[in-house]
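First comes the structure, then the notes that go with it.
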Amino acid sequence: MGKKSDRNGELNYGVVADRKVGIMHVYRYGNMGADIVLIQLAGNHDISEIKDEVAEIQHLTSMDFELIAVKVDDWNKELSPWKTPAVFGNEDFGDGAVQTLEEILLLCSDKSKTYYIGGYSLSGLFSLWAACQTDLFSGIAAASPSVWFPGFIDYMKEYKIKSKNVYLSLGNKEEKTRNPVMAKVGDCIREGHAWIKAEGVNCTLEWNQGGHFKEPMTRTARAFAWVMQQNRNESRVEKEHL
């Protein structure tokens, strides 16, 4: 087990939960007593940068929070809602999202807290998919989400987003690729953004400079900070009308 965090937001991390198969590694950052909990699915290559992301979120907002980073061992399998052939390389996409979400929900059992879920790339797609399964999450922080994933936009339209606030972003060079499937990402995110807004969900789409691999942690930090601020604004409006 890692160190317990203090009220000043010191880093906390450790393996805290068993998976049905293997171990789910959960790294905790910030204030473990905070009312706001950010859930992020992260690959092994992301974990070393999460501390910097947390610092950036703290820079962007004065709100107190805990960030729980859940390490994903098999990125293409554990975050994919259904099987589809590989679109780059030779690794097909699996259908492990259902089991992954079941495990994530075990981390969200304290009903007194406000939960947000988000991530980058396929983790961002998983977060949007999760918002179609449950209304537990007050906001979705989907930075450069893989909305090119075959069939996803139609799925989202059928099953509906159940969160109140959705942040979307994309690099302005991401759709400029020779890969015919991934080149659809720009059209898909524009279509998804327009549909989510038409459904009455508070949704923004931010365009970033560069391609998919430019400053992913900074982009994710902005995504989380935005959804947190939206909920603060909503709470302020509610208090004003009491």
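Computed from heavy atoms alone, side chains included, the values below leave out hydrogens, waters and symmetry copies.
By the rule that hydrophobic residues join a cluster once side-chain heavy atoms approach within less than 4.5 Å of another member, Y155 and I117 end up as members of one cluster. The cluster map of Ile, Leu, Val, Met, Phe, Trp and Tyr, joined by side-chain heavy atoms under 4.5 Å apart, puts V166 and L41 in the same cluster. One hydrophobic cluster, built from ILVMFWY side chains closer than 4.5 Å, cannot hold both Y120 and I39; they sit in different ones. Under the 4.5 Å side-chain heavy-atom criterion for ILVMFWY residues, no single connected hydrophobic cluster contains both F224 and L60. Put simply, I140 and W207 are part of the same group of oily side chains (I, L, V, M, F, W, Y) that touch within less than 4.5 Å, one to the next.
The backbone N or O of Q209 sits nowhere less than 3.5 Å from a side-chain atom of N172 that would complete a donor-acceptor pair. For the pair K162 (side chain) and Y159 (backbone), a donor-acceptor distance under 3.5 Å is present. One N or O on the side chain of N179 and one on the backbone of V87 form a donor-acceptor pair closer than 3.5 Å. Remark: side-chain polar atoms of K164 are not paired, donor with acceptor, to backbone N or O of S138 under 3.5 angstrom. Of the possible donor and acceptor atoms, none in the side chain of S121 sits under 3.5 Å from a partner among the backbone N and O of S123. The closest donor-acceptor contact from the side chain of N76 to the backbone of E91 lies under 3.5 Å.
By the 4.5 Å heavy-atom criterion applied to side chains, L38 and I57 are counted as neighbours. Counting heavy atoms from C-beta on, the side chains of M217 and E56 never come closer than 4.5 Å. The side-chain heavy atoms of S80 and D95, taken from C-beta on, include no pair separated by under 4.5 Å. Between I196 and M156 the shortest side-chain heavy-atom distance falls below 4.5 Å. K77 has its side chain out of reach of W75: every pair of non-hydrogen atoms, C-beta onward, lies at least 4.5 Å apart. V147 is listed as a side-chain neighbour of I153, based on a closest heavy-atom distance under 4.5 Å. The shortest distance between side-chain heavy atoms of V54 and F65 falls below 4.5 Å.
In summary, the aromatic rings of W82 and F149 are positioned with their centroids under 6.0 Å apart. Y167 has its ring centre no less than 6.0 Å from the ring centre of H193.
Counting heavy atoms of neighbouring residues, nucleotides and ligands inside a 6.0 Å radius, atom NZ of K160 exceeds 12 of them.
Salt-bridge formation is not detected for the pair E78/K71: no Lys NZ or Arg NE/NH1/NH2 atom is positioned less than 4.0 Å from an Asp or Glu carboxylate oxygen. Between R190 and D187 there is a salt bridge, with a side-chain nitrogen of the basic residue lying less than 4.0 Å from a carboxylate oxygen of the acidic one. Residues R219 and E174 are paired through a salt bridge, judged by an N-O separation under 4.0 Å between the basic side chain and the carboxylate.
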Next on the checklist: What verdict does the side-chain contact (heavy atoms from CB on, under 4.5 Å) test give for I50 and Q40, after you've listed the backbone C-alpha separation in whole Å, the side-chain angles of each residue and the deciding distance to 0.1 Å?
Outcome noted: CA-CA 10 Å; I50 294 289; Q40 180 173 342; 3.7 Å; yes
Item to check | Working for side-chain contact (heavy atoms from CB on, under 4.5 Å), residues C203 and L168 | outcome: CA-CA 7 Å; C203 181; L168 303 171; 3.9 Å; yes
Next on the checklist: Apply side chain to side chain donor-acceptor pair (under 3.5 Å) to residues N231 and Y116 and explain how you reach the verdict.
Outcome noted: CA-CA 10 Å; N231 201 56; Y116 301 88; 3.2 Å; yes
Item to check | Full working for side-chain contact (heavy atoms from CB on, under 4.5 Å) between Y115 and L107 | outcome: CA-CA 10 Å; Y115 296 94; L107 299 172; over 6 Å; no
Next on the checklist: side-chain contact (heavy atoms from CB on, under 4.5 Å), that's the test. Do V37 and I68 meet it? Break it down for me.
Outcome noted: CA-CA 7 Å; V37 180; I68 302 177; 3.8 Å; yes
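The distance from the CG atom of L170 to the CG atom of L205 is 7.5 Å, given to the nearest 0.5 Å. In this structure, OG on S48 lies 8.0 Å from CG on D46, to the nearest 0.5 angstrom. In this structure, OG on S62 lies 8.5 Å from CE on M228, to the nearest 0.5 angstrom. Taken to the nearest 0.5 Å, the CG atom of L122 stands 6.0 Å off from the CZ atom of F93. In this structure, M182 CE and W148 CH2 are separated by 5.5 Å, a value rounded to the nearest 0.5 Å. Here NE2 of H59 is found 10.5 Å from OG1 of T218. Values are rounded to the nearest 0.5 Å.
When every heavy atom of S144 is checked against every heavy atom of G171, the shortest pair comes out as OG-N, 3.9 Å. Shortest non-hydrogen contact noted between S169 and I189 is O-CD1, 3.4 Å. Closest approach of L101 to A130, counting heavy atoms only: CD1-CB, 4.0 Å. Of all heavy-atom pairs between G124 and P145, the closest is C-CB, 3.8 Å. The heavy-atom pair separating V201 from S163 by the smallest distance is CG1-O, 3.5 Å. Pairing each heavy atom of C132 with each of I161, the nearest pair is SG-CD1, 4.0 Å.
Aromatic ring orientation, W129 versus F126: tilted (interplanar angle from 30° to 60°).
Counted by atom type alone, N31 and E66 present zero donor-acceptor pairs between their side chains at under 3.5 Å.
Evaluated for a salt bridge (charged side-chain N to carboxylate O under 4.0 Å, His left out) with E191, the options K197, K184, K157 yield exactly one hit, K157. Tested against N208 for a side chain to side chain donor-acceptor pair (under 3.5 Å), the candidates K214, R222, E215 yield a single pass: R222.
Residues meeting the side-chain hydrogen bond (donor to acceptor under 3.5 Å, both in side chains) test with S112, sequence neighbours left out: D110.
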